[in-house]
J.: 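Take a look at the following structure, please.
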Amino acid sequence: HALAIPVGVNSITGIAGLTLGGGFGWLTRKFGMTIDNVVSADLVTADKSGVVRVRAGKGNGKFGATARKMSLRGYSLIAAAGVNGFVFGFFRIAWIIIASIYLYNVAVETGQFQVMKESIAGVSSDRRLQVILIAFCFGAFLEGTGGGGAPVAIAGSFLIGLGFPHFQAATLCLLANTAPVAWGGVGNPIRVLNGVTGLPIHELNAMVGRILPPFSLILPAWLVITMVGWRRALEVLPALVVSGASFAAMQFYWSNYQETGLVDIVAAIFSLLVMVAFLRFWKPRRLMEEGEGEVTVKLREHGLWTVLRG
């Protein structure tokens, strides 16, 4: 019995992830190393001892005539892929993270970041709503501006400062980061996917923007149910619907009808503003203010201009 096995390189996978991923994507377009241009091989069992003979055949692509030819050019191509992937990864990915860290340090040193945190946490003293405002809305904003773990590190430490247990704060921020991560770092994942596949960036952006909004819609409810269970989550159901629906609607609109880089940022700001307006007219019947951890963040009131500047 003969079994044909394709031998190729996945167009979005590379050694060391970011370093060679872009390089192998470049190779797939230049030399046709895709699933349609492969080196075929017939595996034939020689005897009952299980010894297998491999006979290489001719592939369909420009690059893969035989497995031997592929191996002869392998070293130079891997080196080229490494250089190409390094340059691609640094200027498309790492540079955004470096810039976001710099901007974060500026905001911390000037005190504007503290204003942002206090103004968001001061919207409600209910811990369920604080999770939505900080882990979901503010975390999505951090993911859109920098990515690279910033939502978990910054929003998580903020929740800990408000009295949330350490492990719970980290878990909630990780869960909240599932929906916005596709546009993290000013849309880096979409741009990288476009770079290594050659597919139109708007079509990729729009398709992702149709897949993720349903998850964004239910994500606030998922967070609160994880934290306090169904019964206490239902007490803040209107807020959960408003936050999830506003974020999902703007995420869908911006990804399908605008551009790639600001999807998370615009959706997070829009959802945060909608929640602030909504919570001016609606409050849960029973506030959940008790916590297991020590509260280390002292909230102060700030004027409108101070908040906008922050």
Side-chain angles (χ1 to χ4, degrees), residues 12 92-93 96-97 100 116 120 123 128-156 158-159 171-195 197 199-227 233 236-279:
I12 60 172
R92 288 287 189 96
I93 302 173
I96 299 294
I97 299 176
S100 67
M116 294 168 57
I120 293 173
V123 174
R128 296 162 296 185
L129 299 179
Q130 287 178 341
V131 166
I132 301 305
L133 293 168
I134 297 171
F136 181 65
C137 297
F138 189 51
F141 176 80
L142 294 173
E143 178 65 32
T145 54
V152 179
I154 299 175
F158 189 14
L159 288 177
T171 302
L172 292 172
C173 289
L174 282 170
L175 291 176
N177 199 39
T178 52
V181 74
W183 290 279
V186 202
N188 257 332
I190 303 297
R191 287 200 302 273
V192 171
L193 189 60
N194 161 255
T197 63
L199 297 174
I201 189 169
H202 178 71
E203 294 182 11
L204 289 172
N205 194 49
M207 184 55 64
V208 176
R210 295 165 194 161
I211 295 173
L212 285 180
F215 294 95
S216 301
L217 177 63
I218 65 174
L219 189 54
W222 183 21
L223 289 174
V224 177
I225 291 171
T226 302
M227 183 176 72
V236 292
L237 181 61
L240 302 181
V241 174
V242 168
S243 59
S246 58
F247 187 92
M250 183 57 69
Q251 189 181 56
F252 172 81
Y253 166 75
W254 203 268
S255 60
N256 279 268
Y257 300 105
Q258 297 300 324
E259 49 79 62
T260 305
L262 300 178
V263 176
D264 276 349
I265 298 173
V266 174
I269 293 176
F270 178 73
S271 180
L272 191 57
L273 292 176
V274 170
M275 280 292 291
V276 170
F278 176 73
L279 291 176

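Please read these numbers as outputs of a predicted model, since none were measured by experiment. All values below were derived from every heavy atom in this structure, side-chain atoms included, with hydrogens, water molecules and symmetry-related copies excluded.
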J.: What's the separation between atom CG in L174 and atom CG in N177, rounded to the nearest 0.5 Å?
T.: 7.5 Å

J.: Can you tell me how far CZ of F141 sits from CD1 of I265, rounded to the nearest 0.5 angstrom?
T.: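 Answer rounded to 0.5 Å: 6.0 Å.
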
J.: Among residues at least two apart in sequence or on other chains, which ones pass side-chain hydrogen bond (donor to acceptor under 3.5 Å, both in side chains) with W254?
T.: E259

J.: Just jot down the side-chain contact (heavy atoms from CB on, under 4.5 Å) partners of T260, sequence neighbours excluded, or say none.
T.: W183, I190, I201, N205

J.: So which atom in L142 and which in T145 form the shortest heavy-atom distance, rounded to 0.1 Å?
T.: O-OG1, 3.1 Å

J.: F247 and A140: which non-hydrogen atoms are nearest, and at how many Å?
T.: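 Looks like CE1-CB, 3.6 Å.
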
J.: How would you list, by chain and number, every residue that makes a side-chain hydrogen bond (donor to acceptor under 3.5 Å, both in side chains) with S271, sequence neighbours excluded?
T.: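 Expected list: S246.
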
J.: So which heavy atom on L172 is nearest to which on A135, and how close?
T.: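 Between these two residues, the closest heavy atoms are O-CB, 4.3 Å.
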
J.: Looking at CD1 of I154 and CD1 of I134, how far apart are the two atoms once the value is rounded to the nearest 0.5 Å?
T.: 13.0 Å

J.: Going from CZ on F136 to CG on L223, what distance comes out if it is rounded to the nearest 0.5 angstrom?
T.: 7.5 Å

J.: Which value, rounded to the nearest 0.5 Å, describes the distance between N188 atom CG and E143 atom CD?
T.: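 Result: 10.0 Å between the selected atoms.
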
J.: In terms of side-chain heavy atoms, does N194 have a donor or acceptor partner in R191 at a distance below 3.5 Å?
T.: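 No, R191 and N194 have no side-chain donor paired with an acceptor closer than 3.5 Å.
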
J.: Name each donor-acceptor pair under 3.5 Å that joins a side chain in residues 206-221 to protein atoms two or more places apart or in another chain, with its distance.
T.:
unit_1: R210; atom_1: NE; unit_2: N256; atom_2: OD1; d: 2.9
unit_1: R210; atom_1: NH2; unit_2: N256; atom_2: OD1; d: 3.3
unit_1: S216; atom_1: OG; unit_2: L212; atom_2: O; d: 3.4
unit_1: S216; atom_1: OG; unit_2: Q251; atom_2: OE1; d: 2.8

J.: Going from CD1 on I132 to CE on M227, what distance comes out if it is rounded to the nearest 0.5 angstrom?
T.: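 CE of M227 is found 7.5 Å from CD1 of I132.
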
J.: Could I get the full list of side-chain contact (heavy atoms from CB on, under 4.5 Å) partners for F278, not counting sequence neighbours?
T.: P238, A239, V242, W282

J.: L199: what forms a side-chain contact (heavy atoms from CB on, under 4.5 Å) with it, not counting sequence neighbours?
T.: T197, L204

